[in-house]
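The figures that follow rest on heavy atoms only: side chains count, while hydrogens, waters and symmetry mates do not. Letters A, B, ... are given to chains in the order of the sequence lines, protein chains preceding strands, and every chain is numbered from 1.
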Amino acid sequence: MDDQPRLMHAHAAVGMSGHPGLSQHIQDNTGATDGDGRKQDIGDILQQIMTITDQSLDEAQARKHALNCHRMKPALFNVLCDVKEKTVLSIRGAQEEESPDAQLMRLDNMLLAEGVSGPEKGGGAAAAAAAAAASAGVGADNATEHSDYRAKLTQIRQIYHTELEKYEQACNEFTTHVMNLLREQSRTRPISPKEIERMVNIIHRKFSSIQMQLKQSTCEAFMILRSRFLDARRKRRNFNKQATEILNEYFYSHLSNPYPSEEAKEELAKKCSITMSQVSNWFGNKRIRYKKNIGKFQEEANIYAARTAVSAASVSAHGSQTNSPSTPNSAAMRTYDHRLQ
DNA sequence: GGAAATGATTCCGA
DNA sequence: TCGGAATCATTTCC
């Protein structure tokens, strides 16, 4: 609180003796070239301002009122504002003018894209749909997980908006308070509307930085949620028995070349209700594990070979003469075994 | 509870 | 871009 008197003293002092151009300034601003009378007025006003803090509250209030009504007050106020503008505020320089923050823009864009900010309709639906597609084949759990994801996204969204509203409210309240304070003080201190506006901008920037932290936290929360949802390893399910059998049948019946074509992968994916990449993964794993331990898989290979042989024989017996690639072929098995060694 | 099995991911080379 | 290899993370089995 005692900054105010000090400032007043300082400016008054500058006005009276420290600033050689003040008299000229006043003359320029008022057009008063006629004289000692007005200089005397100004001297009186400055003297009253300087001594105002020595008085009781009531006296000071009365003095303030008298000063505000003084005919020279507007001119003196303009001059002091001008002096202050040139001496104090110029130090701050142009550095206050900042370019739009790229990071803030990135955060805003991300929050908008993911449906956290902006209109709620379908917010995050795209992400949820993508996530659901990524985990295709998991089956009935999908719907549950999807709604779980959306519920958590909504929760993040709600927290974000609540906090954002709080910050905005606080910002508005604080800004109004500061503006009122400065307007009130501008009755006795050289505070121009421009300076009030600058102060408001400073407050907004401070609150913006707080908002940026909020946005950053929201983005992080969202990223964690999504990575958990999308990370298939966290919710891996073994394929069902039927799917595994279909894949094994294909593998052992094509042992000479266990590399299904795109069409074959697509068909297998359909049959097993899994994605093509899951088929690729399965064959990748199977080949490497078979190669690593042929002995262990030999029994399994025999079982599937026998089963396929029976099936082929049955087809053959029905007069359906085919040369299907799924025909059991122990020679082929030996070929792949050989290739792998 | 620990080992084995299994599906997914990552890195690297052809 | 695809496949091999290593590895991770989870599930299943004992």
Side-chain angles (χ1 to χ4, degrees), chain A residues 110 113-114 124 126-153 156 219-308 325-341:
Chain A
M110 182 182 168
E114 303 301 348
S135 58
V138 173
D141 291 341
N142 247 3
T144 315
E145 288 174 13
H146 194 153
S147 62
D148 193 34
Y149 176 86
R150 295 197 66 159
K152 283 181 176 152
L153 187 66
I156 291 176
C219 282
E220 281 170 11
F222 173 75
M223 295 300 285
I224 290 167
L225 172 67
R226 188 152 84 161
S227 69
R228 280 193 182 158
F229 189 78
L230 286 176
D231 190 352
R233 283 193 294 204
R234 289 183 183 276
K235 52 180 174 46
R236 183 178 70 76
R237 300 279 187 280
N238 289 354
F239 298 156
N240 61 42
K241 206 171 178 181
Q242 193 187 358
T244 309
E245 293 214 342
I246 292 169
L247 294 167
N248 271 320
E249 265 175 32
Y250 188 97
F251 180 81
Y252 288 113
S253 63
H254 294 77
L255 207 49
S256 59
N257 186 34
Y259 298 87
S261 62
E262 288 298 298
E263 292 77 18
K265 280 183 192 172
E266 203 173 338
E267 199 180 332
L268 287 168
K270 264 186 197 169
K271 280 184 184 171
C272 302
S273 302
I274 57 177
T275 65
M276 282 178 69
S277 56
Q278 284 179 304
V279 173
S280 298
N281 285 338
W282 189 91
F283 274 87
N285 285 324
K286 190 72 181 179
R287 281 190 298 266
I288 194 74
R289 285 164 185 163
Y290 179 83
K291 179 184 165 184
K292 272 186 177 175
N293 198 345
I294 293 174
K296 195 183 91 179
F297 286 97
Q298 197 60 56
E299 192 184 347
E300 187 180 68
N302 291 337
I303 292 168
Y304 279 101
R307 193 182 297 177
T308 320
S326 64
T327 301
N329 189 342
S330 41
M333 278 176 65
R334 281 195 298 276
T335 310
Y336 182 57
D337 291 354
H338 181 72
R339 281 178 58 199
L340 295 174
Q341 285 157 11

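Look at Tyr259(A) and you won't find any side-chain N or O under 4.0 angstrom from OP1 or OP2 of dT1(C). In terms of phosphate contacts, Lys291(A) brings a side-chain nitrogen or oxygen within less than 4.0 Å of OP1 or OP2 of dA5(C). In this structure, Arg237(A) reaches the dT11(C) phosphate: one of its side-chain N or O atoms is under 4.0 Å from OP1 or OP2. One finds a side-chain N or O of Lys296(A) lying less than 4.0 angstrom from the OP1 or OP2 phosphate oxygen of dA5(B).
A salt bridge is defined here as a Lys NZ or Arg NE, NH1 or NH2 lying under 4.0 Å from an Asp or Glu carboxylate O, and Lys241(A) with Glu245(A) fails to meet this definition. A salt bridge links Lys286(A) to Glu300(A): one of the charged nitrogens lies within less than 4.0 Å of a carboxylate oxygen. Between Lys265(A) and Glu262(A), at least one side-chain N (NZ, or NE/NH1/NH2) sits under 4.0 Å from a carboxylate O, which counts as a salt bridge.
In this structure, Asn240(A) atom CG and dT6(B) atom P are separated by 14 Å, rounded to whole Å. In this structure, Glu300(A) places its CD atom 11 Å from P of dA5(B), rounding to the nearest Å. The CZ-C1' distance, from Arg287(A) to dA6(C), rounds to 16 Å in whole Å. Spacing between atom CZ of Phe297(A) and atom P of dA5(B) amounts to 8 Å, rounded to whole angstrom units.
Between Asn285(A) and Lys265(A), the residue whose closest nucleotide on DNA chain C is further toward the 5' end is Lys265(A).
Among the nucleotides dA6(C), dG3(C), dG7(B), the one closest to the side chain of Lys292(A) is dA6(C). Considering only the side chain of Trp282(A), dG7(B) comes nearest among dA5(C), dG7(B), dA8(B).
Using a 4.5 Å heavy-atom cutoff, the side chains of Phe283(A) and Tyr250(A) are in contact.
Contact of Asn238(A) with dA5(B) (side chain to base): no donor-acceptor pair of N or O atoms is detected under 3.5 Å. Arg289(A) contributes no side-chain N or O that forms a donor-acceptor pair with the base of dG4(C) under 3.5 Å.
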